[in-house]
**Q** 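One structure, pasted below without further comment.
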Amino acid sequence: QVQLVESGGGLVQAGGSLRLSCAASGRTFSAYAMGWFRQAPGKEREFVATISRSGGATSYADSVKGRFTISRDNAKTMVYLQMNSLVPEDTAVYYCAAAAMGLFDISRRESTYDFWGQGTQVTVSS
């Protein structure tokens with residue numbers, strides 16, 4: 001089991017920034033690729049960003065590419081999502097997820113991920 005707890009969400013004006021954090025505990029953090037997903041009201045959950053176990057590979061949804069940055073600190077068992085130039089369409093509950101994968105593998109698919117956090121709300125006002 002891996003326990004994931006997100007934090008850092010809140011209310012921000014359009015154009016602003018937020019940094020989400022996800023604290024992991026339980027099994028060896030470095031054995032898991034990590035991902036961020038989000039779910040807006042009335043919509044299905046969607047992929048945002050993913051990072052490999054080593055941190056050497058990342059991938060982003062087209063809607064956030066160039067604005068969001070995913071990173072991880074294996075020593076601190078943390079994963080982060082730096083969100084810049086936020087727009088109202090970024091409003092959603094953001095979820096952190098962990099997937100047992102190969103060292104350099106990443107995945108954009110929800111079904112790949114084994115463990116999920118409870119989510120943190122991000123609201124961007126216009």
Side-chain angles (χ1 to χ4, degrees):
Q1 280 288 80
V2 175
Q3 292 77 44
L4 302 171
V5 179
E6 302 95 335
S7 61
L11 174 63
V12 63
Q13 287 190 333
S17 298
L18 280 175
R19 188 196 196 202
L20 304 184
S21 299
C22 174
S25 61
R27 293 188 177 178
T28 305
F29 178 69
S30 59
Y32 295 87
M34 301 298 296
W36 286 97
F37 292 76
R38 68 185 182 185
Q39 187 168 22
K43 295 187 176 182
E44 293 189 351
R45 189 157 56 186
E46 64 176 4
F47 166 78
V48 175
T50 181
I51 188 167
S52 64
R53 290 167 51 189
S54 66
T58 59
S59 180
Y60 298 90
D62 288 345
S63 59
V64 307
K65 198 173 296 183
R67 299 188 298 122
F68 290 11
T69 302
I70 188 171
S71 61
R72 66 188 294 161
D73 185 332
N74 285 347
K76 296 182 178 179
T77 67
M78 297 287 294
V79 63
Y80 307 99
L81 186 67
Q82 178 66 44
M83 306 186 296
N84 299 328
S85 303
L86 285 161
V87 298
E89 291 73 26
D90 294 319
T91 295
V93 177
Y94 283 72
Y95 297 90
C96 171
M101 301 177 68
L103 185 60
F104 303 107
D105 293 339
I106 52 176
S107 175
R108 302 162 68 102
R109 294 183 303 171
E110 274 193 58
S111 60
T112 304
Y113 291 82
D114 306 295
F115 304 102
W116 294 80
Q118 83 291 345
T120 185
Q121 176 71 48
V122 171
T123 303
V124 184
S125 63
S126 57

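Everything numeric here is computed off the predicted structure, so don't read it as measured data.
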**Q** Parallel, tilted or perpendicular: which describes the rings of Tyr95 and Trp116, with under 30° parallel and over 60° perpendicular?
**A** perpendicular

**Q** For the backbone of Ala97 and the side chain of Asp114, can you confirm whether one donor and one acceptor N or O come within less than 3.5 Å of each other?
**A**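 Checked: no pair found.
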
**Q** Per the side-chain contact (heavy atoms from CB on, under 4.5 Å) rule, which among Val122, Asp90, Val12, Val64 passes with Met83?
**A** Val122

**Q** Does the cation-pi check pass for Arg45 over Tyr94, that is, NZ or CZ under 6.0 Å from the six-membered ring centre and within 45° of its axis?
**A**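 Ring-cation test returns no.
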
**Q** Could you tell me whether a side-chain N or O of Thr77 sits under 3.5 Å from a main-chain N or O of Asn74, the two making a donor and an acceptor?
**A** no

**Q** Using the side-chain contact (heavy atoms from CB on, under 4.5 Å) rule, pick out the option among Leu20, Leu81, Val79 that qualifies with Cys96.
**A**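 Filter result, single survivor: Val79.
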
**Q** Would you verify whether the NZ or CZ of Arg19 falls within 45 degrees of the ring axis of Tyr80 while also being under 6.0 Å from that six-membered ring's centre?
**A**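 Yes, Arg19 sits over the ring of Tyr80.
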
**Q** Between Thr50 and Arg108, is the side chain to side chain donor-acceptor pair (under 3.5 Å) condition met? List the steps.
**A** CA-CA 7 Å; Thr50 181; Arg108 302 162 68 102; over 6 Å; no

**Q** Answer yes or no: is there a side-chain heavy-atom contact under 4.5 Å between Gln82 and Ser71?
**A**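 They are not in contact (no side-chain heavy atoms under 4.5 Å apart), so the answer is no.
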
**Q** To the nearest 0.5 Å, what is the distance between OG (Ser54) and CZ (Arg72)?
**A** 8.0 Å

**Q** Counting C-beta onward and ignoring hydrogens, is there a side-chain heavy-atom pair between Thr112 and Met101 closer than 4.5 Å?
**A** yes

**Q** Just how far is it from atom CD of Glu46 to atom CD of Glu44, taken to the nearest 0.5 Å?
**A**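 That separation rounds to 10.0 Å.
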
**Q** With rounding to the nearest 0.5 Å, note down the distance linking NZ in Lys65 to OG in Ser59.
**A**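 Rounded to the nearest 0.5 Å, the NZ-OG separation comes to 6.5 Å.
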
